[in-house]
S.K.: 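Here it is, the structure, as structure tokens.
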Amino acid sequence: MAVIADRCPQIQVTVVDLNAARIAAWNDPDLSVLPVYEPGLDAVVGRARGRNLFFSTDVAGAIASADMVFISVNTPTKTRGVGAGQASDLRWIEVCTRQVAEAAQGHTIVVEKSTLPVRTAETVQAILAVAPAGKTFSVLSNPEFLAEGTAISDLESPDRVLIGGNDLESVDALAAIYGHWVPADRILRTNLWSSELSKLTANAFLAQRISSINSIAAVCEATGADVREVGKAIGTDSRIGSRFLKSGPGFGGSCFQKDILNLVYLCGHYGLKEVANYWQQVVELNSWQQQRIARLVVQKLFNTVSGKRIALLGFAFKADTNDTRESPAIRIAKELLEEGAQLAIHDPKVGSDQISQDLGQPPGSGEGQWLVALDPLEACRGADAVLILTEWASFRDLDWAVLAAVMRRPAWLFDARAIADAAAARAAGLQVWRVGEG
Ligand code: UGA
């Protein structure tokens, strides 16, 4: 919404949320404390806020005065009831749609921005259909393809914008907004269901590439090949392409797992058992990769990490974000804590409160406990191993001579992102494991 406001100064954009503390943070004069860390976002908000971008808790008022409402709420995986563990929980979509039905005035275009199961627009339409007389609605699907960490550039020059809808006038109205900065041939129009399904499919394909390359990484480690050489060799085939072939600790983030599980549920619902199993395997391989790394660490440290200090560098699910949702670091850290390790965790953007919440236990300094280290050197002090889990730029040029000097020998570097200078680490006396290197 901030980018739309930035690119279309004549359109008034109001972002509303019930959470007053969050809205206050978005309105904070200090742009360095915005609730989301995203490179370039502060500048965009700084330019548009107060001009044509507003943050408010007046949900009903903003809906009443809007020509177009974007529904951008959470759709987490259900934890109970039918479809638990797979289907999306649509309760916020429903609450929100009911609010739109109640507060809207005249004709309103309702845009699904949240990622939703196929045919959710039908539910949205059904709720809007019983709104008090005198109001009309048109429902569009406009899934978001930005990735965290590169959100602003992804939005400013998207590969494509997808608009699904059956009412051509409304589709044109939304296309005209993007048309302020996106070339016309990058604005794709489809029917509602194709748009909803394309979003799930794009994420399923991307995640599938990661599970595919991670499966090959394990083969490389077993046979003496190097997954980066294999990735480069296959990526130069223009039919395959070079992106999303980086082996690592598995994919995290709020989307890939949730969306695939959603697809799996959908396939099951339509009796497509083989298709459901096919996609389910992408998620299973991802969990296996994380478990494999945790177990490998234990095995290399003489089959016990009980009471041993392990430095964990990186907790966010990828670099350039403070988001830890479904981060591979969570599962790996939990396994190591279960084995009795003492974890010293350092992430440039993730703090103690978030880690506490993710690991389900407060910080502490004993066996099976974790604490935060302010920098990599402090994390490594007295550690038997250092494990790199997020590809933060600052971890690429760590001074291994300095870090190795404060570790307990024999010491290990486990580089799950293969970003550190392995030769320098070896020269400093560390034993080194890199993902996908035999
Ligand atoms: C993903 C998609 O890339 C976006 O297009 C989509 O809009 C978004 O989900 C969404 O549905 O909202 P995001 O989860 O923010 O974006 O981040 P990605 O860059 O896709 O990374 C996801 C995970 O895959 C990270 O843990 C990352 O480290 C991992 N990854 C990515 C790899 O392990 N290897 C790669 O080669 C690429």
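All of these numbers come straight from a predicted model, not from anything done at the bench. Atoms within a ligand are numbered from 1 in the order they appear, just like the ligands themselves.
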S.K.: Report the nearest protein non-hydrogen atom to atom 34 (N) of ligand 1: residue, atom name, distance rounded to 0.1 Å.
M.R.: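 In this structure, atom 34 (N) of ligand 1 has Lys246 O, 2.8 Å as its nearest protein heavy atom.
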S.K.: Could you identify the single nearest non-hydrogen protein atom to atom 5 (O) of ligand 1 and state the distance to 0.1 Å?
M.R.: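 Among all protein heavy atoms, the one nearest atom 5 (O) of ligand 1 is Phe145 O, 2.7 Å.
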S.K.: For atom 19 (O) of ligand 1, which of the options Glu326, Gln289, Lys318 provides the nearest non-hydrogen atom?
M.R.: Lys318
S.K.: Who's the nearest protein heavy-atom neighbour of atom 24 (O) of ligand 1, and how far?
M.R.: Ile210 CD1, 3.2 Å
S.K.: Starting from atom 10 (C) of ligand 1, find the nearest protein heavy-atom neighbour and note its residue, name and distance.
M.R.: Cys255 SG, 3.0 Å
S.K.: Does Asn203, backbone or side chain, put an N or O under 3.5 Å from an N or O of ligand 1?
M.R.: yes
S.K.: Could you tell me, atom by atom, which parts of ligand 1 come under 4.0 Å of a heavy atom of Arg417?
M.R.: 28 (O)
S.K.: According to side-chain hydrogen bond (donor to acceptor under 3.5 Å, both in side chains), who are the partners of Thr321, at least two apart in sequence or on a separate chain?
M.R.: Glu148
S.K.: Among all protein heavy atoms in this structure, tell me which lies nearest to atom 8 (C) of ligand 1, with the distance rounded to 0.1 Å.
M.R.: Leu146 O, 3.4 Å
S.K.: Give me the residue, atom name and distance of the protein heavy atom closest to atom 15 (O) of ligand 1.
M.R.: Glu148 N, 2.7 Å
S.K.: Hey, is ligand 1 close enough to Phe317 that some N/O pair sits below 3.5 Å?
M.R.: yes
S.K.: Give the ring-plane orientation class for Tyr178 versus Trp181, where under 30° counts as parallel, over 60° as perpendicular and anything between as tilted.
M.R.: tilted
S.K.: Give a yes-or-no answer on whether the side chains of Ser56 and Asp58 include a donor-acceptor pair shorter than 3.5 Å.
M.R.: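 Absent: no donor and acceptor within the cut-off.
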S.K.: Going by distance alone, is a donor N or O of one side chain under 3.5 Å from an acceptor N or O of the other, for Thr324 and Gln354?
M.R.: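 Distance-only check passes for Thr324 and Gln354.
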S.K.: What are the atoms of ligand 1, with element, lying closer than 4.0 Å to any heavy atom of Glu144?
M.R.: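 Those qualifying, in numeric order: 7 (O).
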S.K.: Run the numbers for me: atoms of ligand 1, each under 4.0 Å from some heavy atom of Ala147, listed by number.
M.R.: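 Listed by number with element: 3 (O), 15 (O), 16 (O), 17 (O), 19 (O).
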S.K.: Going by the atom numbers of ligand 1, which of them fall below 4.0 Å from some non-hydrogen atom of Leu245?
M.R.: 36 (O)
S.K.: Using a strict 4.0 Å threshold on nitrogen-to-oxygen distance, state whether Glu326 and Arg331 make a salt bridge.
M.R.: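 Salt bridge absent between Glu326 and Arg331.
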S.K.: Look at atom 23 (C) of ligand 1 and find which of Gly253, Gly252, Ala151, Gly248 reaches it with the closest heavy atom.
M.R.: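 Heavy atom nearest to atom 23 (C) of ligand 1 belongs to Gly252.
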S.K.: Quick one: which ligand 1 atoms are inside 4.0 Å of a heavy atom on Phe251?
M.R.: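 Close to Phe251: 23 (C), 24 (O), 26 (O).
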S.K.: I'd like to know if Arg243 contacts ligand 1, where contact means a heavy-atom distance under 4.0 Å to any ligand atom.
M.R.: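 For ligand 1, residue contact (heavy atoms, under 4.0 Å) with Arg243 is absent.
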S.K.: Do Asp347 and Trp392 pass the side chain to side chain donor-acceptor pair (under 3.5 Å) test, and can you show the C-alpha distance, the side-chain angles, and the key distance before you say yes or no?
M.R.: CA-CA 9 Å; Asp347 187 290; Trp392 284 102; 3.1 Å; yes
S.K.: Students should be able to answer this: which protein heavy-atom is nearest to atom 1 (C) of ligand 1, and at what distance?
M.R.: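 The closest one turns out to be Phe256 CE2, 3.4 Å.
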S.K.: Which pairs with one or both residues in residues 74-83 pass side-chain hydrogen bond (donor to acceptor under 3.5 Å, both in side chains), sequence neighbours excluded?
M.R.: Thr75-Lys258
S.K.: Can a salt bridge be assigned to the pair Glu339 and Lys308 using a cut-off of 4.0 Å between side-chain N and carboxylate O?
M.R.: no
S.K.: Does Arg189 pair with Asp172 as a salt bridge, N-O distance under 4.0 Å?
M.R.: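 A salt bridge links Arg189 with Asp172.
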S.K.: Just by distance, no angles: are the side chains of Asn214 and Ser247 close enough, under 3.5 Å, to form a donor-acceptor pair?
M.R.: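 Looking only at side-chain atoms, Ser247 and Asn214 do form a donor-acceptor pair, the distance falling under 3.5 Å.
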S.K.: Test Thr120 against Glu94 for side-chain contact (heavy atoms from CB on, under 4.5 Å), laying out the working first.
M.R.: CA-CA 10 Å; Thr120 303; Glu94 182 173 341; over 6 Å; no
